[in-house]
Amino acid sequence: MPASRFTQTGNYRVRYQQDQTIFATYAEQASLIVGVLLLLALPLLIPKTMLRDVDMIMIFAVAVLGLNVTTGYTGLINIGQAAFMGVGAYATALAATRLNLPFFLAIPLGGLAGALVGTFVGLPSLRLKYLYLAVATLAFQIIFEWTVGHSPVLAQGGAISMPTVQIFGVRDTFLNHNMFWYYIILPVLVAMALLWRNVLRTRHGRAMIAVRDNDRAAAAMGINPGTAKLTAFMIGSFYAGIAGGLFAYFQKAVVIEDYGLHTSVQLLAMAIVGGLGSLPGSFLGPMFIVALDRFMGSASAWLGEQDIFPQGIDVATALRPLAFGLAIMLFLMFEPRGLANWWRLVRMYFKKWPYKF
Amino acid sequence: MDLLPQLLIAGVVIGSIYALAALGFVLIYKSSRVINFAHGQIIATGAFIAFALTQSGLNFWLAGLIAMIATFLLGMLIERVFLRRMVGEPIISVIMVTIGLSSVIEGLIHLTPYGAGNFSFTTPAALAGDGVSVLGTQLSRTQIAGVLAALGLLAGFTYFFNKSTLGITMRAVADDQMAAMSVGTSVERVFALAWAAAGLSAAAAGVILGLMSGLTLGGLAGIGLKVFPVVILGGLDSVIGAIVGGMLIGVLENLSAGYLDGLVPGGGTREVFPFIILIAVLLLRPYGLFGTREIERV
Amino acid sequence: MPQLHVEHVTLAFGGLKALTDVSLVVPEGEIVSIIGPNGAGKTSLLNCISGFYHPTQGRITFGAHDLSRSAPNVVTSYGIARAFQNLELFRGLSVVENLLLARHTHLRYSLLDSLVYYGRASRQEAENRAYVERVIDFMELEAHRHHPVGTLAYGIQKRVEVARALTLAPQLLLLDEPMAGMNVEEKEDMVRFILDIQREQGITVMLIEHDMGVVMDISDRVYVLDFGLKIAEGTPAEVSANPRVIEAYTGVAEHPPAPALQGVSA
Amino acid sequence: MTSILQTQPHATPPPVGTAMGSDLTINNVEVVYHDIVQVLRGVSLNVRAGRVTSLLGTNGAGKTTTLRAISGLLKPENGKIREGTVTFEGRVLSGMNGTDVVKSGVVQVPEGRRVFKHLSVEENLRAGAILGRGNWQSDLERIYTYFPKLRALRNKQAGYTSGGEQQMIAIGRALMAHPKVLLLDEPSLGLAPLLVAEIFDNVRQINRQEGVGVLVVEQNASIALRNSDYGYVMEGGRIVMEGESAELASNPDVKEFYLGVTEQGSRKSFREVKSYKRRKRWM
Amino acid sequence: QRNTTLVWSGAITGPTSDAGSSYAAGVEDYCKYANSQKMLSVTLNCVVRDDQYNNANTQRNFEEFVGGQNVPVFLGYATGGMLQIKGVVQETKVPTLPASYHIGLIDPPNNQYMFLPVSSYSENIVALLEYVASKERGAKVALVVNPSPFGRDPVVDARKAAARLGLKITDVQEVGGNNLDNTALLKRLEAQGVKYVINQNTAGPVANILKDAKRLNLLGKMQFLGAHYTGGEDLTKLAGDAAKDFIWATSYYMFDEGDRPGIQLVKRIGAQNGRKADTIRSVHYTSGMLAAAIAIEAMKRGGRDISAASVYKGLTSMNGSRSFNPGFTVGPVTFSAKDHVGAESLRLLQADATGNFKAITGAQRSRMFQLVHPLK
Ligand SMILES: Nc1ncnc2c1ncn2[C@@H]1O[C@H](COP(=O)(O)OP(=O)(O)OP(=O)(O)O)[C@@H](O)[C@H]1O
Ligand SMILES: Nc1ncnc2c1ncn2[C@@H]1O[C@H](COP(=O)(O)OP(=O)(O)OP(=O)(O)O)[C@@H](O)[C@H]1O
Ligand SMILES: CC(C)C[C@H](N)C(=O)O
Ligand SMILES: [Mg+2]
Ligand SMILES: [Mg+2]
């Protein structure tokens with residue numbers, strides 16, 4: 001048995017409880033350990049500016065995990081995830097600046113605030129479906145931005161500076177900022193991903209899928225569709241809130257522009273490019289979109305320096321939106337299951353290794 | 001002078017443009033159940049094409065016409081290249097395709113000289129003269145022409161959908177594509193036509209808007225969002241709804257600017273008021289004033 | 001086991017009355033059939049019982065529970081399960097997953113247990129998975145266990161629909177035309193399942209069916225609806241001889257007990 | 001019990017009367033879905049002009065797929081004809097798109113009625129006239145004479161009509177396209193006995209008055225055989241039996257599995273079905 | 001040290017990119033010019049980065065250039081992004097010159113390294129209020145501002161100043177770029193008896209307001225005025241003849257003041273780089289040059305080893321006889337440890353029938369502003 005456990009290819013699980021394990025083979029467990037070590041060493045291996053992008057990717061991944069609960073699993077299209085992030089960010093900022101809470105309390109508070117508002121915004125989902133709900137979340141996004149802009153306590157959308165923090169005697173400074181937060185965001189992300197996995201493989205997760213696929217049948221199964229949708233909204237916006245709290249500290253200030261419609265669209269794009277409803281997709285999507293943006297940024301900077309295009313025609317500035325839009329469309333058209341599917345194929349390959357089939 | 005009638009008149013003027021913008025939206029939704037987030041960008045495309053043509057010396061009216069033809073073809077092209085592949089895909093994917101499309105079109109507009117900056121049409125001679133005063137509000141000829149053009153197009157489309165076989169077929173396709181195909185409907189052609197017609201009306205909206213309040217990419221594309229309250233209020237799949245919804249949102253928005261802005265520090269309530277209406281409508285009457293109620297039986 | 005009582009139920013959609021003053025009883029352990037022309041209100045009645053519609057007037061009780069205003073998921077929790085007329089399956093999910101969903105109310109761990117997973121959640125999941133397998137065996141769905149339901153043949157999907165309702169472990173099972181679109185052989189299979197459900201598990205069955213052969217053969221009691229009115233009730237024999245039923249529904253004096261071939265054109 | 005394999009080897013094309021030029025002929029058609037699931041495994045059948053042909057078979061046998069293969073509606077379902085041809089009036093239909101098939105005079109009434117729920121009854125019918133083969137006003141009148149009920153309901157939203165009425169709408173809608181051959185997919189599905197009879201009467205009437213050929217897929221074998229001239233039985237993607245309807249109806253296997261009568265000729269009681277019974281397979 | 005980087009991060013695309021693209025051109029062209037003139041002993045690496053008016057991008061650019069490449073000075077842009085990096089600017093001690101003249105950027109405490117090239121929005125607005133007060137005591141004034149920190153910035157100071165000047169601010173309204181119709185706004189202001197409408201916005205929204213005011217025959221009844229980013233070539237291009245009589249506060253010289261050395265330089269550099277006429281005429285092109293000029297001058301004055309500290313030293317030494325006067329603005333650029341506003345002097349200009357802005361006051365500082373907003 002041990003040998004076959006190493007290179008297990010088929011499904012040899014004989015008890016239902018075995019069906020529940022996440023990392024079953026030694027190979028998988030070994031790669032897990034290597035992976036963890038690599039992750040811990042990462043900040044030492046890559047350049048500093050890239051580390052900043054890694055941090056951003058991880059924060060976005062938290063928000064995308066949440067989006068994958070509402071939109072990916074429950075089918076409630078949410079074009080306002082950035083606003084929920086914003087709620088978390090502002091709550092965290094108020095907690096940190098007004099109540100002087102330390103960050104490890106302020107950020108969870110942001111999560112709770114996100115969850116609270118999310119549940120409230122989710123209320124229309126009790127009556128609305130699909131498209132209509134998408135429009136409702138869009139409206140929430142706009143109302144949120146407007147409200148912040150009119151709230152003096154929130155600096156009317158202007159910057160609320162975050163205090164610098166320290167933990168175990170290590171201070172967050174300009175120079176170690178990205179690394180400091182890396183070691184905070186990483187465990188948070190891992191924990192959030194585990195919780196996500198757990199919820200979604202249990203009755204609560206299944207209820208969400210049921211509601212997405214067929215809410216009438218779900219009701220006939222004894223699932224309260226309203227509760228399921230609200231739970232989804234609550235969880236999804238809790239994740240957003242946590243991401244917002246992290247982002248507040250990471251950005252050192254909370255400004256409304258960070259939580260605008262554009263960000264919501266980006267989060268959706270990340271979820272889709274990664275593969276809706278997929279755990280690896282929740283990391284791959286943000287990775288891809290951030291990398292694409294960086295790449296296009298450098299490409300346009302480079303293009304801007306070449307005088308190949310006529311004046312007034314700004315190829316450089318066109319690149320980012322073009323690439324972003326095309327990426328979304330191409331994925332949807334040719335790989336609707338997203339990067340997660342590529343990931344799956346790669347994994348399959350290694351699982352079967354050394355056999356070819 | 002009384003404020004109220006003036007607010008109403010101004011609301012109707014702006015509302016008719018909302019209605020025209022919403023029309024294109026409704027056309028697409030009606031036939032293919034696609035929510036088009038790129039509509040604002042198509043409006044901008046139409047407006048900038050017309051503007052570019054006038055810049056190169058073409059007569060304004062001709063430029064407008066050519067722009068409408070161009071966006072008609074653009075709509076067809078978009079359907080052909082992108083949307084056709086998405087038939088049968090989940091709704092969120094289709095929505096995201098239009099979101100991606102909006103980004104792509106914006107990128108493309110940045111490849112022209114119009115991506116950044118503000119521009120305005122030189123008012124054509126026929127519209128340059130004195131306007132008229134309606135209920136104490138001065139309306140320019142441009143505004144009046146805009147309202148008339150919008151209403152004309154809207155009336156035409158209403159007739160089309162209710163009386164012509166093609167119009168009925170477009171609605172049929174929205175209901176059940178397979179069944180429509182079984183009687184020989186080319187669903188592809190119906191979709192292409194819907195997108196084309198949407199493109200045409202978008203250019204009309206863009207040109208009128210450009211004439212009235214100038215051209216900026218952001219402003220024109222922004223109409224794409226303003227349209228949501230309109231279509232939700234009117235009913236996502238109703239041409240009449242687009243008209244009534246557009247007018248109502250225009251008027252309500254103006255009333256809020258006229259009466260609420262003074263009460264709210266900073267004002268700007270017109271920016272958010274339509275979206276509050278939107279939420280209210282969704283809660284009270286999700287299918288809007290004229291939208292078709294989903295028939296849902298188990 | 002409780003009885004289902006439908007008392008003077010009226011259901012109106014705007015001006016249209018789908019049901020008018022309908023009363024009936026479904027005694028425990030019996031198979032009760034509802035028949036009637038299309039649009040008679042059979043499905044609407046089922047919808048009222050299962051909470052999808054709420055009667056405009058009248059009362060529906062199941063034991064001590066009042067169903068008239070209850071939401072579908074609440075009705076389900078009272079021990080009433082339903083299979084839909086037009087398939088309402090989770091098409092993208094496999095058969096097992098479909099059935100697991102029906103165990104929702106039997107899994108009693110909280111969202112927090114879910115998050116932690118190990119412990120309560122894990123244990124209950126395994127137990128319920130075993131339950132689901134028993135239903136799969138019973139309904140002879142082994143071969144399709146992991147297939148996405150949407151790709152299964154219509155007849156199999158119908159069977160999954162019934163299996164899923166059964167997985168809810170109900171006391172009363174509502175079946176809306178479970179045999180529509182099946183040939184005789186497949187109907188025989190389905191009848192066998194229904195009879196076993198009733199006999200072996202003691203579940204009360206309320207059945208809507210257009211195949212008079214089936215209805216007459218397996219029902220303990222039949223109610224006939226027409227235009228929302230109850231026009232007849234009684235044993236199969238009584239009902240099939242009722243002239244009003246013949247006129248409104250079957251069109252023949254008695255459901256042919258013998259060859260169905262009399263009219264084959266040469 | 002005679003095995004069908006012996007009497008009707010499916011490998012050789014079935015002997016059908018004289019194939020007329022205007023017959024709809026399906027020749028050795030194989031269909032796969034998603035490029036992998038093979039559903040039809042060499043189906044051949046012949047729909048004689050002006051006559052009613054029925055196609056019987058268990059669930060999942062591939063009856064609907066056969067109709068889709070004829071009507072060009074496979075593509076939207078991700079299906080493809082891999083082998084074989086469909087010809088009608090000398091033209092090859094296989095490979096055509098749905099629109100062209102309808103133009104050539106073959107129209108399908110889809111399974112499960114599928115009326116346009118949000119359109120009125122009359123608009124449903126008008127949608128059938130999209131190809132403009134004839135004058136829609138007079139066509140409407142024609143349909144209303146076949147289905148007088150529909151005239152009364154003309155302004156009602158189709159989603160709120162009863163099952164039988166919806167089936168009438170679906171057939172009427174197809175008639176608006178002036179078919180020469182009508183493909184009906186389980187018209188009796190979910191209909192009350194009286195309505196089933198009524199629908200089949202209508203179909204017969206249309207067939208006689210307009211000479212429209214009909215291919216009807218049915219589970220309700222007794223009514224289908226009673227109302228058709230020729231019949232085929234399909235199992236597992238192959239035609240396993242065929243013959244004049246009356247002949248088929250007296251075949252012992254058809255009797256047992258499709259008509260539910262014992263060999264003695266009396267109707268079996270469903271109650272007596274034995275628990276260990278397993279389906280008999282021809283293949 | 002062979003070379004160093006001069007970086008600007010701002011909106012070449014996205015909101016306000018109309019101003020931003022000209023500004024970027026100004027920075028870039030002046031930087032190249034400095035190289036060609038060998039103004040410094042080192043070669044400048046001229047980089048303009050598009051941040052799309054997005055704060056996260058601004059911040060990233062800051063980190064990349066300040067944290068990664070150790071640039072000695074950071075040229076920034078938008079209010080939002082600048083407010084956001086305020087903290088790190090202070091921490092890293094890298095002198096930063098925004099294009100946004102938001103007074104909050106230099107307000108204490110802890111803002112020693114932000115420097116506004118010219119007078120603040122608040123000062124613009126207060127100067128306009130002073131002008132209104134001089135025309136009509138007790139007049140009713142409305143403020144129309146952009147719905148953003150940028151627009152809201154001067155409101156507090158404006159209220160204080162108006163109170164002291166005996167003016168009545170009847171209304172403060174936020175109007176953004178997507179506002180299509182201002183009838184309601186204007187009619188309400190008319191009903192309130194407002195005679196002066198002061199704008200803190202970008203040119204687009206102001207142009208729309210002016211056009212609507214013209215249509216409603218209100219131009220004669222109301223005087224429209226605005227701060228730096230409302231006016232100039234952009235406004236006349238958009239509003240056409242509706243811009244006539246608009247009063248504008250700015251510290252910059254106009255393009256048609258061709259006798260000014262700064263403007264001559266602008267024309268020359270613009271032509272050398274083949275810029276479009278529109279770009280060269282834009283006041284934002286001049287502003288970009290000013291920002292670059294200040295940065296380069298500070299590098300020059302800070303000593304041989306160019307670093308953040310040397311630039312800071314160079315900047316804060318620009319006062320008294322050592323003030324810097326490249327000729328782009330109506331007054332010299334002066335900075336000190338306490339003084340973080342470069343060219344404090346400003347003028348009010350009024351658009352004539354041809355759309356050209358003509359000075360209606362001399363170069364001056366707003367006295368009232370110094371009262372309501374004493375700096376450090
Ligand atoms: N949601 C609804 N809104 C409006 N009318 C409805 C609705 N549901 C059902 N009806 C109407 O109520 C009547 C009864 O319909 P019901 O579906 O109960 O009939 P049925 O007896 O089940 O028919 P079938 O045998 O065809 O299934 C019909 O006229 C139908 O149109
Ligand atoms: N779109 C599809 N994709 C994949 N498989 C399909 C598709 N449509 C049908 N099938 C499969 O093809 C087989 C035949 O289906 P078909 O619908 O033709 O059967 P049928 O004889 O009409 O059955 P029924 O009596 O249930 O309608 C079934 O196994 C079904 O699962
Ligand atoms: C720098 C500018 C163009 C002004 C800009 N609107 C801001 O945010 O401050
Ligand atoms: Mg029914
Ligand atoms: Mg079928």
Side-chain angles (χ1 to χ4, degrees), chain B residues 26 29-33 83-90 158-194 235-241 286-288 290-298, chain D residues 67-68 71-78 96-120 122-133 136-137 139 157-161 163 166 169-170 172-179 182-183 185:
Chain B
V26 167
Y29 182 81
K30 215 174 163 61
S31 62
S32 59
R33 291 280 179 274
L83 272 298
R84 193 165 291 183
R85 287 169 205 273
M86 301 305 295
V87 172
E89 297 287 331
T158 308
Y159 182 84
F160 170 76
F161 272 121
N162 287 316
K163 297 291 178 226
S164 78
T165 304
L166 186 55
I168 291 172
T169 299
M170 286 178 82
R171 288 161 53 208
V173 167
D175 248 13
D176 189 333
Q177 296 176 13
M178 218 290 286
M181 286 163 78
S182 78
V183 289
T185 308
S186 165
V187 172
E188 282 101 354
R189 243 180 267 171
V190 165
F191 288 172
L193 186 67
L236 266 172
D237 59 354
S238 162
V239 173
I240 303 274
Y287 41 89
F290 299 95
T292 328
R293 211 177 176 135
E294 272 313 313
I295 295 183
E296 202 170 74
R297 291 170 60 180
V298 283
Chain D
L67 293 197
R68 285 182 190 150
S71 60
L73 295 181
L74 270 178
K75 210 172 132 205
E77 297 283 333
N78 246 315
M96 277 189 185
N97 64 27
T99 309
D100 290 335
V101 174
V102 173
K103 273 188 193 150
S104 73
V106 178
V107 183
Q108 180 179 355
V109 180
E111 188 173 15
R113 312 197 268 270
R114 306 190 75 157
V115 295
F116 303 122
K117 287 189 289 186
H118 296 102
L119 269 56
S120 72
E122 185 156 310
E123 284 171 338
N124 261 275
L125 296 177
R126 279 195 61 188
I130 179 65
L131 290 182
R133 299 156 56 91
W136 62 264
Q137 280 100 339
D139 285 346
Q157 212 171 331
Y160 291 123
T161 57
Q166 291 188 4
I169 295 171
R173 185 177 66 191
L175 287 179
M176 292 291 286
H178 289 260
L182 201 55
L183 311 174
D185 199 349

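All heavy atoms count here, side chains included; hydrogens, waters and symmetry mates do not. We name chains A, B, ... by the order of the sequence lines, and we start the count at 1 in each one.
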Checklist entry - If you count heavy-atom pairs under 4.5 Å with chain B, which of D:P110, D:A177, D:S71 comes out on top? => result D:P110
Checklist entry - Non-hydrogen atoms of chain B under 4.5 Å away: do they reach the side chain of D:L73, the backbone, both or neither? => result side chain
Next on the checklist: Tell me the closest heavy-atom pair linking D:L125 and D:M176, and the distance in Å.
Outcome noted: O-CG, 3.2 Å
Next on the checklist: I'd like to verify something: which residue of D:V101, D:V115, D:D100, D:L131 has the highest number of heavy-atom pairs under 4.5 Å with chain B?
Outcome noted: D:L131
Next on the checklist: For the backbone of B:N162 and the side chain of B:R171, can you confirm whether one donor and one acceptor N or O come within less than 3.5 Å of each other?
Outcome noted: no
Next on the checklist: Can a donor-acceptor pair be found, under 3.5 Å and without considering hydrogens, that links the side chain of D:R173 to the backbone of B:V183?
Outcome noted: no
Item to check | Proximal component of B:A174, with respect to chain D [non-hydrogen, under 4.5 Å] | outcome: neither
Next on the checklist: Taking D:Q157's backbone N and O only, do any of them form a donor-acceptor pair with D:S120's side chain (distance below 3.5 Å, no angle check)?
Outcome noted: no
